[in-house]
Undergrad: 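Sharing a structure, written as structure tokens. Questions coming.
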Amino acid sequence: MLLIALFILLESMRGLASSQTSLSLLKIISKTKNLRLGKSIHAKLIISNFCDIIESNYLIDIYAKCGHLTSARQVFDLMPNRNVVSYSSLMAGYFHDGCPSEVLSVLKIMSFDELWPRPNEFIFATVLASCSNMQAFKMGQQCHAYVLKSGLAFHSYIRNVLIHMYSTCSGVEDALKVFHSMPGVDVISFNSMINSFLEHGRIWDAVEVLNNMVSDISQWDHITYVAVLGLCADSEDSLLGRQVHCQILNRRFETNLFVGSAIVDMYGKCGDSSAARSAFNELSCRNVISWTTIMAACTQNARLEESLKLFVEMQVDGVQPNDLTYAVALNTCAGLAALSNGNSLNAHVEKSGYKAHLIVCNSLINMYSKSGSIEDAQVIFVDLACKDTITWNCMINGYSHNGLGRKALETFHDMLVEEVGPTYVTFIGVLLACGHLGLVDEGFYYVNHLMRNLGITPGVEHHTCIVGLLCRAGLLDEADRYMRTTHSEWDLISWRTLLSACQTHRKFGLGKKVADYILQLYPNDVGTYILMSNMYAKANRWDAVVKIRRLMREKSIKKEPGVSWIQVRNELHVFASEDNQHPLIDNIHKKLAELLDEVKAIGYAPNTASVLHDVEEEHKEGYLKFHSEKLAIVFGLISTPSGAPIHVIKNLRMCDDCHIAIKLFSKVTNRKIVVRDVNRFHCFQDGLCSCDDYW
DNA sequence: TTAGGGTTAG
């Protein structure tokens, strides 16, 4: 209806140059952002050879709002005289088009304007917002000084944009000063302040602002709800989140796209992926962000296959992925070690131009290093001209997890040379590398000196690395003492690290003590029972093994069945131990028998000690034969061209026998075999493993 | 005639 009315008006203008009519039309077009009509009016005005400042300003505004900055700039450049609105309209256009630096260059042109239009609150609102986007703190401060002197600082728009500028460019304290400096803060100031605290990880300060807001502001707007949902997500408070969700439904704010995505995100971060999925299904409208949010919610909650399915559904729905969607999808592939999916995503990223985005490259490095293709991760890393802390962390941790300790430490050294500040995460990779290389003193130097000098408090992950480092060096009593004397929130992983070392180093006395202690804290931990059982089997203490098995039966503790999977030509093949389901199982068994004969000839002897005592001696070898990783690897060998690397993932820790056998498989088949078990990567090549037989 | 705060990632 509106369009028809506009056309009638346009027709009535034919042959006329009524300024009043064109202004009325321009006003409506500016509101409705109708580019086609805007162009028609523009043409009429050119033909009539008359276009005053206000009409030109409207044209700039229309073109700018429709994202046609070249046309907006053309109108602006051809104006014989301009006023402050001409400048502010063009600046707002550049700002919304993602070109904050252009905003500042227009400000420069403005200062040379002979008519010297005085910059007003509209100009500074946009200039300060641009400073925020560009992290141009000095410029932002200068603008702050100007608006204070000129009295413009009392406009609520200016105050709010100043809060945002300080929050992004300097710190939350400066933002807070602006917030408290002037009376009459509005809902936007409160929203900005809450978000500012949340961005800086200060949840309780955000809660305090929210409490003050309850008494000062009677009505929250939809952005307040987005901020409060962010607060629930950050504090993982799903109960409060649910209450807020109910309030949103009462006020019918859930139809807002931002609110809708924030609800999905809140449930995802609170660990309730089912509620996230339901909230997503209820959304009346979905954009790339809502899709990316639900994918992230699934990935964060281990629903990895579902996340990749959503990625496909999203595109079927006509929504194109953006850089963050690719980052989530690649992270999902990393979780699944789905190298071929990751490779195809890499190709899409190249085609779509998102390879220029650092977060995508960081995710590619992460995906490749977690999928056992550390060489591909390295290629991307080396090619990257601009790296951030996360890039360095991904590469250092990638090298460490793949057993390349020396490379990890070299990269850490390069990071320091490039003057990129290491973080909490960096030192996890660095300490793991020290563990691989047996650098005990260096490990202690990093934890006790360098980290503390940099103001990073070592956490349980770092202390666990030190335990691993001592264990690997055979210093188990020191590791035990370290755990008992160092104040840390030791968790199951830390204690299992020590127990596992006791098993490897055959320190049965200490192992028994540690296992008893773990079972006091975690009475039903399957991993501890299995490690104990393996430990006693190694000591030929079959009576103890039987006792543990009986105890497990009594407590109904079941060992998770071993499962391995391999992707061949985009298809996932899953193998369970003693599995006969695969269509090629006969070929797999035949090839496995041949291979075992071949490796026996060069020294392989089945390690039957790791098989249960209650299995007859002559059947023990058979049990070992059918471990899931052996089946998956042999399937890989017969299904891929010679020389192609084999990538297998296993849900449990690899057993000693498989480790020895696979080392020799890599030698006799001349293949690189990468196995990601529940703890680490094993890269088998030429009869050796990257873990140096310690895992 | 022109302006502000908000959802997704590693």
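Every value quoted in this text rests on a predicted model; they were computed, and no experiment measured them. Naming convention: chains lettered A, B, ... in sequence-line order (proteins, then strands); numbering from 1 in each chain.
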Undergrad: Any base atoms under 4.0 Å from A/N57, or only sugar-phosphate, or nothing? Heavy atoms, all strands.
TA: base
Undergrad: State whether the number of non-hydrogen atoms from other residues, nucleotides or ligands found under 6.0 Å of A/Q135 atom CD is greater than 12.
TA: yes
Undergrad: Quick one: label A/N83 by what it contacts on the DNA or RNA (base, sugar-phosphate, nothing), any heavy atom closer than 4.0 Å.
TA: base
Undergrad: Look at all strands and tell whether A/H155 reaches a base, only sugar-phosphate, or nothing, counting heavy atoms closer than 4.0 Å.
TA: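 A/H155: no heavy atom of the nucleic acid under 4.0 Å.
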Undergrad: May I ask you to check whether A/F124 and A/H155 place their ring centres under 6.0 Å from each other?
TA: no
Undergrad: Which part of the nucleic acid, if any, lies within reach of A/K65 when heavy atoms closer than 4.0 Å are counted: base, sugar-phosphate only, or nothing?
TA: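 It contacts sugar-phosphate atoms only.
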Undergrad: A/I289 side chain: which of B/dA9, B/dT7, B/dT2 is closest?
TA: B/dT7
Undergrad: For the side chain of A/V226, counting heavy atoms from C-beta on, which of B/dG10, B/dT8, B/dG6 is nearest?
TA: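 Selected nucleotide: B/dG6.
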Undergrad: Pick base, sugar-phosphate or nothing for A/L229, based on heavy-atom distances below 4.0 Å to the nucleic acid.
TA: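 No contact at all - A/L229 keeps every heavy atom at 4.0 Å or more from the nucleic acid.
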Undergrad: Distance check needed: B/dT8 C1' versus A/M295 CE, whole Å only.
TA: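 In whole Å, B/dT8 C1' lies 10 Å from A/M295 CE.
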Undergrad: Base, sugar-phosphate or nothing for A/H357? Non-hydrogen atoms, less than 4.0 Å.
TA: nothing
Undergrad: To the nearest angstrom, how far is A/Y424 atom OH from B/dG10 atom P?
TA: 18 Å
Undergrad: In terms of relative ring orientation, are A/F253 and A/H222 parallel, tilted or perpendicular, with 30° and 60° separating the classes?
TA: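 Tilted, since the angle between the ring planes falls between 30° and 60°.
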Undergrad: Does the cation-pi check pass for A/K387 over A/F381, that is, NZ or CZ under 6.0 Å from the six-membered ring centre and within 45° of its axis?
TA: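 Here A/K387 passes the 6.0 Å and 45° test against A/F381.
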Undergrad: Nearest to the side chain of A/I54 - B/dA3, B/dT1, B/dG10?
TA: B/dT1
Undergrad: Do the side chain of A/S261 and the base of B/dT7 come within less than 3.5 angstrom through a donor-acceptor pair of N or O atoms?
TA: yes
Undergrad: Given the structure, check if the side chain of A/N256 and the base of B/dG6 hold any donor-acceptor pair shorter than 3.5 Å.
TA: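 Looking at the base of B/dG6, it does pair with a donor or acceptor on the side chain of A/N256 (distance under 3.5 Å).
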Undergrad: Just how far, in rounded Å, is C1' of B/dT1 from NZ of A/K27?
TA: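 Taking atom C1' of B/dT1 as the reference, NZ of A/K27 is at 8 Å.
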Undergrad: Can you measure A/I53 atom CD1 to B/dT1 atom P for me and round it to whole angstrom units?
TA: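 Taking atom P of B/dT1 as the reference, CD1 of A/I53 is at 14 Å.
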Undergrad: Is A/K269 touching bases, backbone alone, or none of the nucleic acid, heavy atoms closer than 4.0 Å?
TA: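 The residue A/K269 makes sugar-phosphate contact but no base contact.
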Undergrad: Between A/E121 and A/R159, does any NZ, NE, NH1 or NH2 come within less than 4.0 Å of an OD or OE carboxylate oxygen?
TA: no
Undergrad: Once the angle between the rings of A/Y326 and A/Y354 is folded into 0 to 90°, is it parallel (under 30°), tilted (30 to 60°) or perpendicular (over 60°)?
TA: tilted
Undergrad: Please pick, from B/dT7, B/dA9, B/dT2, the nucleotide with the shortest atom-to-atom distance to any side-chain atom of A/F258.
TA: B/dT7
Undergrad: So does A/D221 reach the base of B/dG6 with its side chain, donor to acceptor, closer than 3.5 Å?
TA: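 Check fails, no donor-acceptor contact within cut-off.
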Undergrad: Nearest to the A/E199 side chain among B/dG6, B/dT8, B/dA3, which nucleotide is it?
TA: B/dG6
Undergrad: Which nucleotide wins on minimum distance to the side chain of A/S88, given the candidates B/dT2, B/dG10, B/dT8?
TA: B/dT2
Undergrad: Which nucleotide, B/dG6, B/dT2, B/dT8, lies nearest any side-chain atom of A/H222?
TA: B/dG6
Undergrad: Go through B/dA9, B/dA3, B/dG6 for me and flag the one nearest to the A/E121 side chain.
TA: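 Out of B/dA9, B/dA3, B/dG6, the nucleotide with an atom closest to A/E121's side chain is B/dA3.
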Undergrad: Checking all strands, does A/A129 fall into the base, sugar-phosphate, or nothing category for heavy-atom contacts under 4.0 angstrom?
TA: nothing
Undergrad: Would you say CD of A/E208 has more than 12 non-hydrogen atoms from neighbouring residues, nucleotides or ligands within 6.0 angstrom?
TA: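 Open.
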Undergrad: Please determine whether salt bridge (Lys or Arg N to Asp or Glu O under 4.0 Å) holds for the pair A/R277 and A/E306, giving the CA-CA distance in whole Å, both sets of side-chain angles, and the decisive distance to 0.1 Å.
TA: CA-CA 10 Å; A/R277 187 65 211 244; A/E306 189 178 347; 2.9 Å; yes
Undergrad: Can you tell me the distance, in whole Å, between the CG atom of A/L345 and the P atom of B/dG10?
TA: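 After rounding, the reported distance stands at 14 Å.
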Undergrad: From B/dG10, B/dT1, B/dT8, pick the nucleotide closest to the side chain of A/N322?
TA: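 Of the candidates, B/dT8 comes closest.
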Undergrad: Measure from the side chain of A/A125, starting at C-beta and using heavy atoms only, and say which of B/dA3, B/dT2, B/dA9 lies closest.
TA: B/dA3
Undergrad: Please indicate yes or no: is the ring centre of A/F122 less than 5.5 Å from the centre of the six-membered base ring of B/dT2, with the two planes inclined by under 30 degrees?
TA: yes
Undergrad: Would you say A/N195 reaches B/dG6's phosphate, i.e. side-chain N/O to OP1/OP2 under 4.0 Å?
TA: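 No, outside the criterion.
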Undergrad: For A/Q300 and B/dT8, is the shortest distance between a side-chain N/O and OP1 or OP2 below 4.0 Å?
TA: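 For A/Q300, the contact criterion (side-chain N or O under 4.0 Å from OP1 or OP2 of B/dT8) is not met.
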Undergrad: Looking at every strand, decide which applies to A/A296 at a 4.0 Å heavy-atom threshold: base, sugar-phosphate, or nothing.
TA: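 Sugar-phosphate: the residue A/A296, judged by heavy atoms under 4.0 Å, touches backbone atoms but no base.
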Undergrad: Hey, does A/V85 reach any base, or is it just sugar-phosphate, or nothing, if we go heavy atoms under 4.0 Å?
TA: base
Undergrad: Just to be sure I understand the rule, does A/T325 reach a base, reach only the sugar-phosphate, or reach nothing, if contact means heavy atoms closer than 4.0 Å?
TA: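 No contact at all - A/T325 keeps every heavy atom at 4.0 Å or more from the nucleic acid.
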Undergrad: Report yes if at least one side-chain N or O of A/H96 is closer than 4.0 Å to OP1 or OP2 of B/dA3; otherwise report no.
TA: no
Undergrad: Could you check how far CG of A/L152 sits from P of B/dA3, rounded to whole Å?
TA: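 After rounding, the gap between these two atoms is 16 Å.
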Undergrad: What nucleic acid atoms does A/D186 come within less than 4.0 Å of, heavy atoms only: base, sugar-phosphate, or nothing?
TA: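 Result for A/D186 = base.
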Undergrad: Run through DNA chain B and report every stem of 3 or more consecutive Watson-Crick or G-U pairs, distances under 3.5 Å, ordered by first number.
TA: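 DNA chain B forms no stems at all.
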Undergrad: Just how far, in rounded Å, is P of B/dT7 from CD of A/E282?
TA: 23 Å
Undergrad: Quick one: pull up CG in A/D237 and CG in A/L231 and give me the separation to the nearest 0.5 Å.
TA: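 A/D237 CG to A/L231 CG: 8.5 Å, rounded to 0.5 Å.
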Undergrad: For a quick test of your reading: what N or O donor-acceptor pairs under 3.5 Å do the side chains of residues 91-105 of chain A make, sequence neighbours left out?
TA:
unit_1	atom_1	unit_2	atom_2	d
A/Y94	OH	A/R73	NH1	3.1
A/S105	OG	A/E102	O	2.9

Undergrad: Distance check needed: B/dG6 P versus A/I263 CD1, whole Å only.
TA: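 Computing the A/I263:CD1 to B/dG6:P distance gives 18 Å.
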Undergrad: Tell me what A/N362 touches on the nucleic acid: a base, only sugar-phosphate, or nothing, going by heavy atoms under 4.0 Å.
TA: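 Contact class for A/N362: base.
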